Chemist: 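Have a look at the structure that comes next, please.
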Amino acid sequence: MITMKDISKTYSNGVTALSGINVNIDQGEFVYIVGPSGAGKSSFIRLIYREVKPTSGQIVVANKDLSKLKERKVPYLRRDIGVVFQDFKLLPKLTIYENIAFAMEVIEQSPRIIRKRVMEVLELVDLKNKARSLPHELSGGEQQRVSIARAIVNHPKIVIADEPTGNLDPDTSWEIMRVFEEINSRGTTLIMATHSKEIVNTIKHRVIAIESGRIVRDEYRGEYGYEG
Amino acid sequence: MNTAMKARTVKRHLRQGVKNIFRNGWMTVASIGAVTVTLLLVAAFLAVILNLSHMADKVENDVELKVLIDVTANADQIQELGNEIEKLDKVDSVVFSSKEDELNQLIKSMGEEGKSWKLFKQDNPLNPAYTVKAKNPQDTEPLAKQIEDLPHVHQVNYGKDVVNKLFDFLKYARVVGLILIVGLVFTAIFLISNTIKLTIMARSREIGIMKLVGATNGFIRWPFFIEGFLLGVLGSAIPIAVLMTGYHYLLKYVIQKVNLPFFELLPFNPFAWELSLLVLAIGAVIGVWGSVMSVRKFLKV
Ligand SMILES: Nc1ncnc2c1ncn2[C@@H]1O[C@H](COP(=O)(O)OP(=O)(O)O)[C@@H](O)[C@H]1O
Ligand SMILES: [Mg+2]
């Protein structure tokens with residue numbers, strides 16, 4: 001599903017965020033990306049949905065070679081990838097329902113399918129009763145679940161989450177992990193950057209540890225491996 | 001766009017475009033105002049230039065010469081002059097009109113005011129004349145020169161003089177008008193692109209999210225093109241209304257007052273309609289151009 005070969009990324013300010021990255025992630029895997037702040041986790045994630053381009057190396061996502069991918073084809077790559085953000089990125093003036101429907105309107109789905117599917121994902125994240133609320137009326141955990149619902153609404157092959165539980169209390173974090181497990185059990189590839197030792201050590205999955213832009217550890221059913 | 005747009009998507013873009021118009025309040029008013037002023041001037045300028053060009057064309061194709069005969073010439077001499085003119089190669093036809101005919105024609109062409117000219121019936125100051133037609137328009141000028149040299153010719157009048165003056169004026173008016181209009185068009189485009197920039201800023205979050213969930217660039221741009229298009233079209237409403245009523249009254253009143261041989265305005269139908277359509281099109285182009293500029297600059301999609 002995702003293959004990186006000798007990937008390195010140096011930003012225009014000269015900071016090398018990643019170097020010599022070789023990794024292969026199969027369809028249906030659940031992968032934690034761990035490592036200290038500034039290690040390059042977010043850069044790794046942004047490469048996958050082509051928010052940034054690698055300085056060198058080859059990256060293939062969902063059978064698309066991103067170095068050869070034309071600019072106007074990028075939207076179609078992103079339709080295969082659902083991204084969950086730490087800061088949710090919800091539109092404040094739209095209701096929860098509208099926020100999720102928005103992602104489907106953008107890819108020109110029919111209203112009938114939109115209605116059905118939005119209720120389906122709201123059910124999955126357990127927010128059916130909040131469909132008509134505005135984002136600011138929801139708690140942080142609820143908003144994060146809305147952003148998850150939006151990420152998965154178009155049936156992406158891959159879901160990527162960059163520290164989705166970073167600012168949430170433990171209970172909410174577990175609730176979100178339940179949703180991710182559910183999505184992953186349906187065959188969606190899941191990649192999640194996290195600082196949560198509890199989660200990584202409790203729900204065991206593949207762990208890729210990045211330090212100073214290099215992969216220092218890659219274990220199936222791995223441990224978090226850092227203090228705190 | 002990669003694929004044909006679906007009807008509901010078109011509807012969505014239109015809705016968004018209209019929403020943007022209202023959202024931007026005063027900037028919208030300013031942009032529409034700029035387009036309005038620009039198009040008012042464009043319309044006035046084009047109405048004048050096109051009518052003058054029309055007159056110039058008409059005169060240029062006018063193959064008629066009017067040969068005024070010396071008042072002192074007697075009937076034989078007039079007859080002989082007529083024969084000589086007819087003998088010239090370039091001449092197609094020659095028609096004589098006496099000074100009485102000339103006066104009657106003048107009185108008729110002046111309408112009401114012409115009545116005072118009836119006083120001159122006793123002491124007619126006009127010359128008898130030959131109306132000469134050249135075989136083709138290009139020969140009008142050399143032919144006039146030839147006839148001028150014949151005996152008993154008082155004066156030869158033909159359209160070229162007027163045409164040359166008209167052309168000089170047209171040249172000048174075109175340059176000044178074009179500079180003015182180009183300046184105004186760019187001001188309008190600038191204001192529109194700024195208005196749309198505001199929309200883009202206000203929507204940057206939304207645009208970012210659209211991009212991340214896989215919206216194509218075309219999908220993101222369309223509402224802005226529609227906003228610009230609407231600003232341009234709304235800006236053309238007042239100029240078109242002014243043009244239509246203005247030209248209507250111009251034809252109705254002014255034309256009756258002016259009675260020069262070459263003064264003929266283009267008829268309301270189709271001229272006013274065509275010009276309105278042109279003004280509308282220019283408005284739309286200004287609007288879309290303005291939006292394309294700001295979309296390119298501020299919407300790095
Ligand atoms: N857009 C950017 N421009 C310049 N440098 C960046 C940018 N994004 C990240 N970096 C730098 O790259 C390094 C890795 O950052 P990041 O990928 O965000 O790490 P992490 O998510 O693990 O904290 C850091 O030194 C960071 O300052
Ligand atoms: Mg990060």
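Everything quoted here is computed from the prediction, not taken from an experiment. Residue numbers begin at 1 in each chain, while the letters A, B, ... track the order of the sequences. All values below were derived from every heavy atom in this structure, side-chain atoms included, with hydrogens, water molecules and symmetry-related copies excluded.
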Chemist: If I take atom OG1 from residue B:Thr9 and atom CD from residue A:Glu108, how far apart are they, to the nearest 0.5 angstrom?
Modeler: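 One gets 3.5 Å once the value is rounded to the nearest 0.5 Å.
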Chemist: Where on A:Leu94 is there a heavy atom nearer than 4.5 Å to chain B: the side chain, the backbone, both, or neither?
Modeler: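 When you check distances to chain B, no heavy atom of A:Leu94 falls under 4.5 Å.
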Chemist: Residues two or more places apart in sequence or in another chain: which of them pass ring-ring contact (aromatic ring centres under 6.0 Å, His included) with A:Tyr11?
Modeler: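 Result, ring-ring contact (aromatic ring centres under 6.0 Å, His included) vs A:Tyr11: none returned.
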Chemist: How long is the span from the CD atom in B:Glu206 to the NZ atom in A:Lys89, to the nearest 0.5 Å?
Modeler: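 So the gap between those two atoms works out to 14.0 Å.
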Chemist: Given heavy-atom pairs under 4.5 angstrom as the criterion, report whether the side chain, backbone, both or neither of A:Arg50 touches chain B.
Modeler: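 It is neither, since no heavy atom gets under 4.5 Å.
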Chemist: Check A:Val106 against B:Gly214 and note the closest heavy-atom contact, atom names and distance.
Modeler: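 For A:Val106 versus B:Gly214, the nearest heavy atoms are CG1-C, 4.0 Å.
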Chemist: Would the number of heavy atoms belonging to other residues, nucleotides or ligands and lying under 6.0 Å from CZ of B:Phe190 be above 12?
Modeler: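 Incorrect, the count does not exceed 12.
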Chemist: If we only count heavy atoms from C-beta on, is the A:Arg79 to B:Thr216 side-chain gap below 4.5 Å?
Modeler: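 Contact flag for A:Arg79/B:Thr216 side chains = yes.
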Chemist: Kindly give the heavy-atom pair with the smallest separation between B:Val213 and A:Ile107, and that separation in Å.
Modeler: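 Taking every non-hydrogen atom into account, O-CG2, 3.9 Å.
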Chemist: Under the criterion side-chain contact (heavy atoms from CB on, under 4.5 Å), which of A:Leu91, A:Asn99, A:Leu90, A:Val83 is the partner of B:Ile209?
Modeler: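 The option that passes is A:Leu91.
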Chemist: What's the separation between atom CG in B:Leu212 and atom CZ in A:Arg78, rounded to the nearest 0.5 Å?
Modeler: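 Going from CG on B:Leu212 over to CZ on A:Arg78, the span is 5.5 Å.
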Chemist: Are there over 12 heavy-atom neighbours, none belonging to B:Phe229, within less than 6.0 Å of that residue's CZ?
Modeler: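 No, CZ of B:Phe229 has 12 or fewer neighbouring heavy atoms, counting only those of other groups under 6.0 Å.
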Chemist: Sort and list the pairs that fulfil side-chain hydrogen bond (donor to acceptor under 3.5 Å, both in side chains) and have at least one residue in residues 52-66 of chain A, not counting sequence neighbours.
Modeler: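 Found A:Ser8-A:Ser56, A:Gln58-A:Asp65, A:Lys64-A:Asp80, A:Asp65-A:Ser67.
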Chemist: Is B:Arg12 close to chain A through its backbone or its side chain, or both, or neither, when contacts mean heavy atoms under 4.5 Å?
Modeler: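 For B:Arg12, the side chain is the part near chain A, not the backbone.
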Chemist: Does atom CH2 of B:Trp289 have more than 12 heavy-atom neighbours, drawn from other residues, nucleotides or ligands, at distances under 6.0 Å?
Modeler: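 No, the 6.0 Å shell around CH2 holds no more than 12 heavy atoms from other groups.
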Chemist: If you count the non-hydrogen atoms of other residues, nucleotides and ligands that lie under 6.0 Å from CZ in B:Arg296, is the total more than 12?
Modeler: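 Counting neighbours around CZ of B:Arg296, 12 or fewer heavy atoms of other residues, nucleotides or ligands fall under 6.0 Å, so no.
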